[in-house]
Structures are given as C-alpha cells and as structure tokens.
Amino acid sequence: MALLDPDGRRVWQISPVARRIGVRPGLTISQAIGLCPTLRLCEPDPVHYDAAFARLLAALNNVSPVVEAAELGRAFVGVDGLGRLYGGPKEQLAALRAALAEVPGGHERLGWGMGKFVSWVAATRAEPGAAVIVPRGSEAAFLARQPLALLPLDPDTERRLRLLGLHSLGALAALPEQAVVAQFGALGRRLWRLAAGVLVEAVVGMERPEPVTATLSFFSPVADREMLVHAFDRLLERALADPRRRGWRVRLLRARAELERGGSWLVEIVLKDPTAERAVLAAPLRTRLDQSPPARAIERLAVEFAAFAPGTTALDLFARDATAAARAERRRALRHATREITLRLRRPMLYRIIEVQPWSRLPERRYALIDFES
Amino acid sequence: MVASSRASLRADRLRVLNAPRPVTVDLDGSDPVAVWLSASDRSVVDAILEVWRIDDEWWRQRIARRYVEAVLEGGARVVFFEDLATGHWFLQQA
C-alpha cells in the first residue's frame with residue numbers, strides 16, 4: 001500500500017510490505033506500479049492532515065507559548081524559561097506528552113536538545129511514542145554518530161560530500177571548518193557548525209492572529225471551473241468582510257475542498273505582497289485551479305486567511321474597515337435578539353439567506369436559509 | 001487521528017429556499033389551461049408568457065423540467081414546471 005503526495009503524482013508514504021518490494025517515497029506512480037503491480041494506491045487527504053497538525057500545534061501551545069511549525073508533522077517547542085514551571089528536560093517532555101495525549105494519535109517522537117537541529121535529530125532517533133534527550137554539552141558526541149543525510153543537503157552537495165568519503169556528521173565535523181568553507185562556501189560553514197553541534201538555532205514562535213475562514217457547501221458536487229472561480233470570489237468577499245480581518249492584510253491564503261466520494265484538495269498561497277484586495281487574492285487561486293485542479297467534483301469549499309501582515313496600504317481600506325465594524329455591531333445586536341427569541345420560544349425564528357449555488361439553473365439550489373446564529 | 005475533515009458542519013442546518021410545491025394543472029394537450037393553487041382554488045391561465053426547458057445533472061439522477069411562466073385570470077403572474085421524468089407539476093419562483 002502507498003499513499004500519494006498532495007499533488008497526487010508521486011509516492012509519499014509506503015507500507016512496510018511495499019518498502020520490502022522496493023517501493024520508495026518520491027517514485028512516480030508508474031515507477032511504483034512497475035516495481036509492484038499489486039500496489040494499492042491511496043489518495044492523500046491534505047485537509048485532514050492539516051487539521052490534525054493544527055490540533056497538535058494547539059496542544060503544544062498549551063505547554064509553551066513558543067511553538068514553530070517547521071513542516072507538516074514537524075514542530076519545534078521553545079522551552080527556555082519553562083524550567084521553573086515544569087522542571088528539567090524529563091519533566092518538560094512529560095508535560096508535552098501529557099498535552100499530546102489530548103490529541104488522538106499517540107505516535108509522536110520527541111527530542112530534547114540545544115537548538116532546533118540537535119532536538120530534531122534526537123526526535124528522529126526516538127521510537128514512536130518515546131523521547132530522546134541530548135544533555136547540554138554532549139551535542140557533539142551525540143551528533144558524531146548520526147548519518148550525514150540528516151543535514152539539510154541538496155542532492156549535489158550530498159553527492160560531493162559522499163565522494164569525499166564522508167558518511168557521518170562526526171566525519172564532517174572532524175574536518176577543519178575553514179577547509180569545508182573553502183569547498184562549500186557559506187553553506188559549508190552552516191553544515192559544519194550544525195554537524196559539530198555548535199550552531200544553536202532558536203525556536204521562532206508563530207504569529208498567531210485568529211484565522212478567518214469562509215465555507216460553502218454545495219447541494220450537488222461542482223467541477224466546472226467557472227463555477228469554482230465564482231465560488232472563490234464569493235468566499236473571498238465574505239472572508240475579507242470579516243471584522244477580525246480589520247487592520248490586517250492577508251499573507252497566507254489557503255483554499256480547501258472536500259471532494260465527491262472522499263479525498264480532499266488543498267492549495268496554500270504565500271503572498272509576497274500581503275493584500276486585502278479580492279482581485280489580487282483571487283488571481284493565484286485561479287492559477288492553481290488551472291495548474292492542479294481537484295481530482296473530482298467538489299462538495300464543500302473553504303477559503304482561509306491563515307496568516308496576516310499588519311496594516312493596510314490603501315486609504316480606502318480603512319473606510320471599508322469602518323463599514324465592516326458597523327456591520328459587526330449590527331450583527332452582535334441581532335445575535336443578542338435571536339438568543340432572546342430562542343430562549344422564549346425554544347426555537348430560532350430568525351434566519352439568514354445565504355448563497356449556495358447562485359449560478360445553478362435549478363432555482364431551489366441557488367439560496368438557502370440558515371439559523372442566524374450559525 | 002482527528003475527526004474526518006469531510007464531516008459537514010452546516011449542510012444539515014441549511015433549509016431549502018424556493019423549494020418546488022406540488023400543484024395540479026389542467027391541460028389542453030400539453031398546454032396548461034388552469035392551475036389548482038389549493039384543493040378549492042382553481043385559477044384559469046389567461047396567458048402564457050414564456051416556456052423553457054431545463055436539463056441538468058444528466059450524469060447522475062437526470063433532471064428534466066418544462067417551465068411555464070403564465071398570467072392567471074385576475075393578473076397574478078406564476079411560474080410552474082412539469083417534471084418530465086414523472087409528469088408531476090410544481091409551483092416555483094424562477
């Protein structure tokens with residue numbers, strides 16, 4: 001069995017049986033099938049992974065305010081100053097373990113060490129559900145035994161290091177630093193310092209403004225590009241109008257979709273120039289839609305503003321924000337009134353009309369009513 | 001593992017707006033001549049303004065409708081359609 005990567009083009013994760021037959025992560029589908037004709041391919045569910053990782057980060061945040069998400073499934077936790085609260089490394093790891101117990105799964109591997117690299121290498125050496133501690137002062141000895149592949153190497157640098165007969169971090173660290181710098185430049189300096197355990201990179205906590213999400217459920221799955229573009233426009237409009245977006249420009253935009261008959265589709269767009277303009281946000285979404293469209297029709301679509309940059313550059317945006325604030329105030333008053341009505345009559349009597357498929361040829365599919373408080 | 005992200009949070013809370021309402025229609029051949037808006041309220045069709053057809057979702061449960069926009073005796077404007085799969089008539093705002 002093999003799990004495809006989020007693009008659905010290459011093998012991402014494999015079962016032990018598939019590994020024994022020779023299937024490896026990174027192979028194309030045809031290469032994998034060539035090696036193992038009975039291989040069962042599973043489509044990825046990036047939205048599910050994203051949600052699981054978000055929960056994991058939230059759990060870690062309960063222990064330390066400094067949490068850095070390195071990549072899906074890998075996070076760093078800053079523990080400076082937590083000694084008085086939890087105790088030594090063992091106790092800190094126990095606190096993390098207790099927090100992670102709240103998150104379904106339980107196969108996390110933990111590593112404790114000075115700096116991100118040492119702690120990550122320690123985690124890779126731990127058994128699932130266990131932890132490895134690298135005491136202060138023993139970083140170099142611990143790293144010396146580890147394979148060279150743990151360094152952040154590009155294939156060419158890795159090949160050159162292997163041609164030099166270097167297979168472990170200890171072998172690299174044993175070389176004079178200047179000699180490595182002479183061969184590999186600034187990258188060589190960084191690699192040597194990581195291998196020697198002298199480069200301590202601190203954990204950078206995440207900026208955590210509240211994400212803004214707008215979602216749309218389709219009555220019947222939609223695959224038509226124009227309809228999806230229209231849906232994206234409406235969702236962006238709704239998300240931009242959210243009062244929580246006030247004073248912020250969008251830096252990280254995510255679009256998620258749940259597909260017909262299972263599976264999901266996820267695109268993530270980092271904007272070089274953060275913006276609060278719908279047209280500018282919509283353009284890269286359209287491009288992604290063309291480049292890697294969803295494999296099947298979409299049942300539910302969501303747009304999420306996941307990271308922000310402060311301030312706005314255009315004056316008219318402040319005016320728009322003032323309108324949004326007034327609208328939010330009216331919404332609060334209505335929400336209060338609805339709660340009163342529900343309390344007295346025991347059922348909500350106020351509804352909102354929302355667009356569902358305004359382009360549909362079937363009139364009953366275009367709009368729907370939803371409880372006002374939803 | 002977390003709960004499946006496919007779980008719909010809101011779809012079950014949506015109420016359909018402008019759902020088709022079954023009506024009885026008297027026909028002359030294929031042309032509507034009167035509409036029973038209730039069991040005792042028969043309205044004669046004064047004029048037919050427009051007729052159009054919608055075919056959709058042929059890839060799953062095919063939907064085929066013949067819509068009629070008509071003016072009833074008394075001046076009310078109504079839109080109703082015939083479900084071409086079942087032959088039943090429904091009232092609906094287009």
Side-chain angles (χ1 to χ4, degrees), chain A residues 45-56 58-59 102-107 213 215-223 256-266 297-300 302 348 351-358 360-374, chain B residues 1-23 25 32 35 37 48-71 76-94:
Chain A
D45 188 350
V47 172
H48 180 71
Y49 311 143
D50 205 39
F53 192 47
R55 282 196 184 191
L56 187 133
E102 306 289 320
V103 183
H107 303 296
T213 307
T215 59
L216 183 60
S217 296
F218 299 109
F219 274 128
S220 60
V222 171
R256 294 176 301 198
E258 292 165 14
L259 306 181
E260 190 180 26
R261 302 197 306 275
S264 60
W265 179 78
L266 174 72
I298 291 175
E299 287 182 342
R300 192 161 183 262
Y351 303 97
R352 211 153 26 108
I353 297 175
I354 59 164
E355 281 186 343
V356 181
Q357 295 177 10
S360 176
R361 302 172 71 207
L362 305 173
E364 69 270 29
R365 300 268 173 88
R366 293 175 193 155
Y367 301 94
L369 291 175
I370 191 165
D371 292 355
F372 181 80
E373 280 199 305
S374 298
Chain B
M1 300 294 282
V2 300
S4 167
S5 54
R6 291 177 43 72
S8 174
L9 295 175
R10 295 173 60 149
D12 57 336
R13 301 175 73 176
L14 295 178
R15 291 159 183 250
V16 176
L17 201 58
N18 198 13
R21 183 160 69 86
V23 287
V25 174
V35 184
L37 297 173
I48 290 176
L49 299 178
E50 198 177 350
V51 177
W52 69 95
R53 181 178 164 134
I54 286 180
D55 288 285
D56 211 341
E57 301 197 354
W58 47 266
W59 61 92
R60 55 170 82 220
Q61 184 80 41
R62 181 172 168 251
I63 292 174
R65 295 176 179 177
R66 182 166 69 101
Y67 275 85
V68 177
E69 182 180 7
V71 177
R77 191 191 69 87
V78 292
V79 177
F80 44 88
F81 70 82
E82 180 189 9
D83 185 337
L84 295 172
T86 62
H88 296 144
W89 285 83
F90 298 86
L91 202 62
Q92 184 179 46
Q93 284 301 311

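Each chain gets a letter, A, B and so on, in the order the sequences are listed, and its residues count up from 1. Both backbone and side-chain heavy atoms feed into the values below; hydrogens, waters and symmetry mates do not. For clarity, every value in this text was computed on a predicted model and none was experimentally measured.
Proximity of a side-chain donor or acceptor of A:Arg361 to a complementary backbone N or O of B:Asp55 within less than 3.5 Å is detected.
Among A:Ile354, A:Val356, A:Ile353, the single residue meeting the side-chain contact (heavy atoms from CB on, under 4.5 Å) criterion with B:Leu17 is A:Ile353.
Annotation: side chain of B:Pro20 is in contact with side chain of A:Glu364 (closest heavy-atom distance under 4.5 Å). Taking the side chain as every heavy atom from C-beta outward, B:Phe81 and A:Pro363 never approach each other to under 4.5 Å.
Taking CZ of A:Arg365 as the start and CG of B:Asp56 as the end, the distance is 7.5 Å to the nearest 0.5 Å.
Only the side chain of B:Glu57 comes within contact range of chain A, with at least one heavy atom under 4.5 Å from a heavy atom of that chain. For chain B, no part of A:Leu56 is nearby; none of its heavy atoms comes within less than 4.5 Å.
Around atom CD of B:Gln61, no more than 12 heavy atoms belonging to other residues, nucleotides or ligands sit under 6.0 Å away.
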